Asks: 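One structure is given below, represented as C-alpha cells, and several questions about it will come after.
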Amino acid sequence: MAKNDDNLLKKIVSHSKEYGFIFPSSEIYDGLAATYDYGQNGVELKNNIKQYWWKAMVQMNENIVGIDSAIFMHPTTWKASGHVDAFNDPLIDNKDSKKRYRADVLVEDHIAKIEGKIAKEVAKAAKRFGDAFNEDEFVSTNGRVVGYKEKIAAIEKRMQAAIDTQNYADFKALIEDLDIFCPVSGSKNWTDVRQFNLMFSTELGSVAGDASTIYLRPETAQGIFVNYLNVQKSGRMKLPFGIAQIGKAFRNEIIARQFIFRMREFEQMEMQFFVKPGDELDWYEKWKEKRMKWHKALGLGDNSYRFHDHLNLAHYANAAADIEYDFPMGFKELEGIHSRTDFDLTAHENHSGKKLQFFDPQENKNYVPYVVETSIGLDRMFLAVLSAAYNEETLEDGSERVVLNIPPALAPTKVAVLPLTKKDGLPEKARELINKLKFDFTAQYDEKDAIGKRYRRQDAIGTPFCVTIDHQTLEDNTVTIRNRDSMEQVRVPMEEVRTTLEKGTSLTDLLRKN
RNA sequence: GCGGGAGUAGCUCAGCUGGUAGAGCGACAGCCUUCCAAGCUGUAGGUCGCGAGUUCGAACCUCGUCUCCCGCUCCA
C-alpha cells in the first residue's frame with residue numbers, strides 16, 4: 001500500500017473530483033479556501049461512516065442516546081466553555097525569523113524574566129541574612145525588588161488594557177518598549193499584533209444595532225452539555241451514561257489545508273460519557289480501547305493507527321489522548337479521547353445559575369458528573385478510509401487498474417448490475433434484478449461499453465460486487481458475481497445474489513467485531 | 001499570515017523569441033464485439049483562474065487579485 005507518498009494525496013484529490021466524491025466548493029467562482037462539497041459518491045460514503053459510528057455508539061450501547069442540537073447557541077455558552085477567551089489569541093510575527101508568537105505569551109515570558117530577577121535578589125538576601133531572613137518583609141521593602149514589582153504591575157496593566165480595548169497598536173508598542181526580541185532571530189522586527197478569533201460570529205436579529213452577536217459552534221460538545229439534564233431526566237438515565245451527536249462545527253483556522261483534513265466547516269461525531277467522579281480515568285481507558293477497536297474493525301490496517309497521549313493538557317482535561325492515523329501526510333490526529341472532568345458542567349452551572357447535578361441514590365447525594373469525551377472528525381475519517389482504499393494495481397496481464405478497496409459495508413454503491421450485451425433481453429433481465437435489490441442496496445445499472453471497462457468503472461468508485469447478466473442467465477437463471485478485490489467470479493442462481501450481498505456488505509458483521 | 005511553487009478541456013499535460021488553443025485518456029450517440037479499460041464513425045466540452053496594464057496583437061510580458069500544493073506557524 002502506498003504510504004507517505006507526496007503524490008498520494010494529490011491522486012486522491014484528483015480521483016475524488018473525477019469520480020464524484022469531493023468537489024472544491026463553489027468551483028465555478030474559483031472555489032472558496034479550504035471548503036469542499038461532497039459529491040454523489042462522497043455523500044454515500046460519508047453517510048455510511050456516520051451510520052457505522054452511530055450504530056456502534058447509540059444502538060449498541062443501552063446507556064448511550066443521541067441528540068441533534070442547534071448550531072446556534074446562547075452566547076454565554078462560549079464564555080462558560082472558555083472558547084471566548086481561549087479562541088481569542090493576539091498573535092505577532094517576527095519578520096526575520098518568520099516565527100509566530102502569541103503576543104501575550106511574549107509579554108508573559110518577559111514578566112517571567114523579571115520575576116526571575118526578583119527570585120535572585122531574594123536568594124541573595126536569604127544567603128546574607130541567614131535564619132533571620134524575613135522574605136515577606138524583604139520583598140515589600142527592598143528598593144530593587146519593589147521596583148521590579150511595580151514594573152511587572154505596570155506591564156500587566158497595560159497589556160490587560162490593550163486586550164480589553166482591543167488596542168493592538170499599543171500591544172505592539174508595549175512589546176517594542178520592553179525591547180522583547182525574537183528568541184530565534186534575536187531581532188525586534190515585529191509585525192503588527194493581530195487578533196485571530198477562531199470562532200465565526202454573526203448577528204442574531206435582523207435589525208442592525210439591535211442585534212446580539214452569536215457564534216457558530218466551534219465544537220458540538222457544548223450542545224450536549226447544555227442538554228445533559230434534559231436528556232438525563234427525560235430518558236431516566238443513570239450514571240454512567242452517554243450522549244452522542246453528529247454535526248457541523250466551525251473554526252476560523254488561520255491555515256486550513258491538506259484537503260479535507262483541516263477545514264473551517266467540518267463535521268464531528270462526539271460522545272460525552274457522564275460518570276461518577278473518581279471513575280473517570282477507568283472509563284477513559286475503556287473508551288480509548290473501545291474506540292481503537294471500532295477503527296481496527298474496518299480493516300484499514302492495524303499498523304495505521306497509534307495513540308498519542310497528551311503531555312500538555314488543555315485547561316479542562318485531566319487526561320487526553322489522540323488516535324492518530326497514518327494519512328498520506330503522515331500520522332495525524334483522527335480522534336480525541338479526553339477526560340474533561342467536571343469542567344464544562346460546573347462552568348455551565350456557574351454561568352447559568354442552574355444546578356446540573358445528578359442524584360446518586362446509592363450515595364444518597366448530589367454531584368456534578370465527570371465527563372469522558374470521544375470526538376472524531378468525520379471528514380478526517382472519510383479521508384482515512386479513502387486514502388487506505390485508494391490503490392493502483394498492476395494486473396497479471398500488465399494492465400493497470402485504480403481500485404478503491406473501501407470496506408464493503410461503507411461502499412457508496414454496493415452492487416452494479418451489468419447486462420453482458422444490450423440486446424437479446426439481457427437489459428430487461430438486469431432491470432428486473434436491480435428493481436428487487438434497490439430496496440435494500442445502493443445499486444447501479446450500466447450497459448455502456450465493454451464489460452471489462454464497466455468493471456473498472458465500478459472499481460474506481462469502490463463497488464464491492466458486480467452482477468453480470470449473460471445469455472446463460474436466460475436459460476437457467478444464474479448470474480455471475482464478480483468480487484472487486486479478488487476480481488474473481490462465481491456463478492450462482494439469481495436468488496442467491498441477495499444473500500451474497502447481505503453477507504459481503506454487512507454492517508452487522510463490522511459491529512460484531514467492535 | 002510569511003517564504004517557495006503552480007493554475008490551459010472532466011483528468012494528465014503540450015503550447016518555441018507574444019501572432020486569436022492542441023494531444024492522450026475520459027464523456028456522449030451509433031455500429032461491431034462480448035467476461036476484465038479492444039475496434040470503427042460521429043458529437044460535445046476551453047471567458048487559457050480573475051482583473052487591469054504594456055502592445056497593432058497577450059495563454060505567453062508587467063502589476064494586482066483569487067485558488068491550490070510544499071515548508072514555517074497554529075490546532076480543544
Side-chain angles (χ1 to χ4, degrees), chain A residues 6-7 9-11 13-20 23-36 81-83 86-87 89 91-102 184 191-192 194 196 198-199 218-222 249 251-259 261-262 266 268 270 310 312-317 320 322 329 332-333 336 338 340 343-344 373 375 377 393 395-397 399-403 418-424 426 447-460 466-472 479-484 487-489 491:
Chain A
D6 280 352
N7 291 320
L9 187 62
K10 272 187 187 166
K11 284 176 179 170
V13 174
S14 294
H15 193 86
S16 294
K17 190 186 165 194
E18 190 165 6
Y19 289 95
F23 308 121
S25 170
S26 333
E27 200 186 6
I28 61 168
Y29 294 109
D30 281 332
L32 182 65
T35 312
Y36 293 91
S81 69
H83 285 83
F87 263 24
D89 298 333
L91 300 180
I92 190 166
D93 291 1
N94 182 271
K95 287 178 184 168
D96 299 311
S97 65
K98 310 294 180 199
K99 292 284 175 189
R100 165 168 295 164
Y101 302 91
R102 272 177 56 177
V184 175
T191 63
D192 289 340
R194 280 159 309 197
F196 289 89
L198 269 73
M199 283 197 290
E219 65 175 24
T220 53
Q222 299 304 325
R251 282 181 208 167
N252 202 357
E253 301 280 355
I254 300 162
I255 305 165
R257 240 196 265 157
Q258 285 169 320
F259 197 36
F261 184 81
R262 176 166 294 119
F266 59 102
Q268 293 184 308
E270 290 198 324
H310 288 205
N312 294 323
L313 295 170
H315 61 261
Y316 58 72
D322 295 337
M329 319 80 80
K332 299 263 188 184
E333 179 183 353
H338 302 143
R340 291 180 79 128
F343 175 86
D344 298 277
E373 164 191 81
S375 172
E393 291 181 357
L395 305 177
E396 282 173 15
D397 65 358
S399 67
E400 292 198 351
R401 73 160 179 165
V402 173
V403 57
L418 317 168
L420 195 58
T421 73
K422 46 183 153 178
K423 289 193 294 201
D424 307 329
L426 297 183
E447 61 174 30
K448 173 79 182 160
D449 296 314
I451 191 73
K453 202 167 192 171
R454 283 180 269 167
Y455 288 150
R456 300 297 170 85
R457 269 204 286 263
Q458 295 302 327
D459 289 341
C466 289
V467 175
T468 306
I469 310 291
D470 57 17
H471 290 91
Q472 196 181 327
V479 297
T480 62
I481 302 181
R482 180 245 192 201
N483 182 288
R484 175 194 69 197
M487 297 174 71
E488 277 165 8
Q489 285 179 288
R491 181 168 284 278

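Values in this document were obtained by computation on a predicted structure and should not be read as measured data. Chain letters run A, B, ... following the sequence lines, proteins first and then strands; every chain starts at 1.
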Asks: Do A:Ser16 and A:Tyr36 have side-chain heavy atoms sitting under 4.5 Å apart?
Replies: no
Asks: Just how far, in rounded Å, is C1' of B:U12 from NE2 of A:His15?
Replies: 15 Å
Asks: What distance, rounded to whole Å, do you find between the two P atoms, one in B:G5 and one in B:G22?
Replies: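 Comparing P positions in B:G5 and B:G22 gives a spacing of 31 Å.
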Asks: Taking atom C1' in both B:U34 and B:G15, what distance in whole Å separates the two?
Replies: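 That atom pair is separated by 40 Å.
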Asks: Could you measure between the two P atoms, the one in B:A23 and the one in B:U41, and give it in whole Å?
Replies: 15 Å
Asks: Provide the Watson-Crick or G-U wobble partner of B:G71, both distances under 3.5 Å; none if there is no partner.
Replies: B:C2
Asks: Between A:Arg340 and A:Glu270, is there a salt bridge with N-O shorter than 4.0 Å?
Replies: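 Not counted as a salt bridge, because no side-chain N and carboxylate O are separated by less than 4.0 Å.
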Asks: Measuring only between side-chain heavy atoms, which start at C-beta, is A:His471 closer than 4.5 Å to A:Thr421?
Replies: yes
Asks: Using the C1' atoms only, state how far B:U47 lies from B:A9, rounded to an integer number of Å.
Replies: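 It comes out at 14 Å once rounded to the nearest Å.
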Asks: Partner lookup for B:C56, please. Criteria are Watson-Crick or G-U wobble with both distances under 3.5 angstrom; report none if nothing qualifies.
Replies: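 WC or wobble partner is B:G19.
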Asks: How do A:Tyr36 and A:Lys332 order along RNA chain B: which one's closest nucleotide is nearer the 5' end?
Replies: A:Tyr36
Asks: Can you tell me how far P of B:C75 sits from NE2 of A:His338, to the nearest Å?
Replies: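 Going from NE2 in A:His338 over to P in B:C75 covers 14 Å.
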Asks: For the C1' atoms, the ones on B:C60 and on B:U43, what distance do you get once it is rounded to whole angstrom?
Replies: 31 Å
Asks: Does any N or O in the side chain of A:Asp470 come within less than 3.5 Å of the main-chain N or O of A:Gln472, such that one atom is a donor and the other an acceptor?
Replies: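 Yes, the answer is positive, given that a donor and an acceptor are paired below the 3.5 Å cut-off.
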Asks: Can you tell if the side chain of A:Lys448 reaches within under 4.5 Å of the side chain of A:Arg454, non-hydrogen atoms only?
Replies: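 The answer is no; the side chains never approach within 4.5 Å.
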Asks: Partner of B:G7 by Watson-Crick or G-U wobble geometry, both contacts under 3.5 Å, or none?
Replies: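 The answer is B:C66, by the H-bond criterion.
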Asks: How would you list, by chain and number, every residue that makes a ring pair (Phe, Tyr, Trp, His ring centres under 6.0 Å) with A:Phe266, sequence neighbours excluded?
Replies: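 Listed in chain order: nothing, the list is empty.
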Asks: My understanding is that a pair needs two contacts under 3.5 Å, Watson-Crick or G-U wobble. By that rule, which nucleotide pairs with B:U41?
Replies: B:A29
Asks: Report yes or no: does A:Arg251 contribute a side-chain atom to a donor-acceptor pair with the main-chain N or O of A:Pro218 at less than 3.5 Å?
Replies: yes
Asks: To the nearest Å, how far apart are A:Met329 CE and B:C70 P?
Replies: 8 Å
Asks: Both distances under 3.5 Å, Watson-Crick or G-U wobble: report the partner of B:C35, or none.
Replies: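 Pairing partner: none.
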Asks: Could you work out the separation of B:A6 and B:C16 based on their P atoms and round it to a whole Å?
Replies: 15 Å
Asks: Can you check the A:Glu333 CD to B:C74 C1' distance for me, whole Å?
Replies: 13 Å
Asks: Check the distance between B:C13's C1' and A:Glu18's CD and give it to me in whole angstrom.
Replies: 14 Å
Asks: B:U12, B:G10, B:C75: which one has an atom nearest the side-chain heavy atoms of A:Lys17?
Replies: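 Closest nucleotide among those given: B:G10.
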Asks: A:Glu270 CD to B:A76 C1': how many Å, rounded?
Replies: 9 Å
Asks: Determine the Euclidean distance between corresponding P atoms of B:G49 and B:C13; express it in Å to zero decimal places.
Replies: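 Looking at atom P only, B:C13 and B:G49 are 15 Å apart.
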Asks: How far, in whole Å, is B:C48 from B:U20 if one measures between their C1' atoms?
Replies: 12 Å
Asks: Tell me: NZ of A:Lys10 to P of B:C70, nearest whole Å?
Replies: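 Rounding to the nearest Å, NZ of A:Lys10 and P of B:C70 are 8 Å apart.
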Asks: Is a donor on one side and an acceptor on the other found under 3.5 Å between the side chain of A:Gln268 and the backbone of A:Thr220?
Replies: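 Yes, the answer is positive, given that a donor and an acceptor are paired below the 3.5 Å cut-off.
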Asks: A side-chain contact here means heavy atoms from C-beta on lying under 4.5 Å apart; do A:Arg457 and A:Asp449 qualify?
Replies: yes
Asks: Can you tell me if the side-chain N/O atoms of A:Ser81 get under 4.0 Å from OP1 or OP2 in B:A76?
Replies: no
Asks: Nearest-Å distance, CG (A:Leu9) to P (B:G71)?
Replies: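 A:Leu9 atom CG is separated from B:G71 atom P by 10 Å.
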Asks: Let's test this: given Watson-Crick or G-U wobble pairing with both distances under 3.5 Å, identify the partner of B:G46.
Replies: none
Asks: Does the base of B:A76 carry an N or O that pairs as donor and acceptor with the side chain of A:His83 under 3.5 Å?
Replies: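 Answer yes: a donor N or O sits under 3.5 Å from an acceptor.
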Asks: Could you run through nucleotides 30-41 of chain B and give me one letter per nucleotide, 5' to 3': B if any protein heavy atom sits under 4.0 Å from the base, S if only the sugar-phosphate is that close, - if neither?
Replies: ----BBBBS---
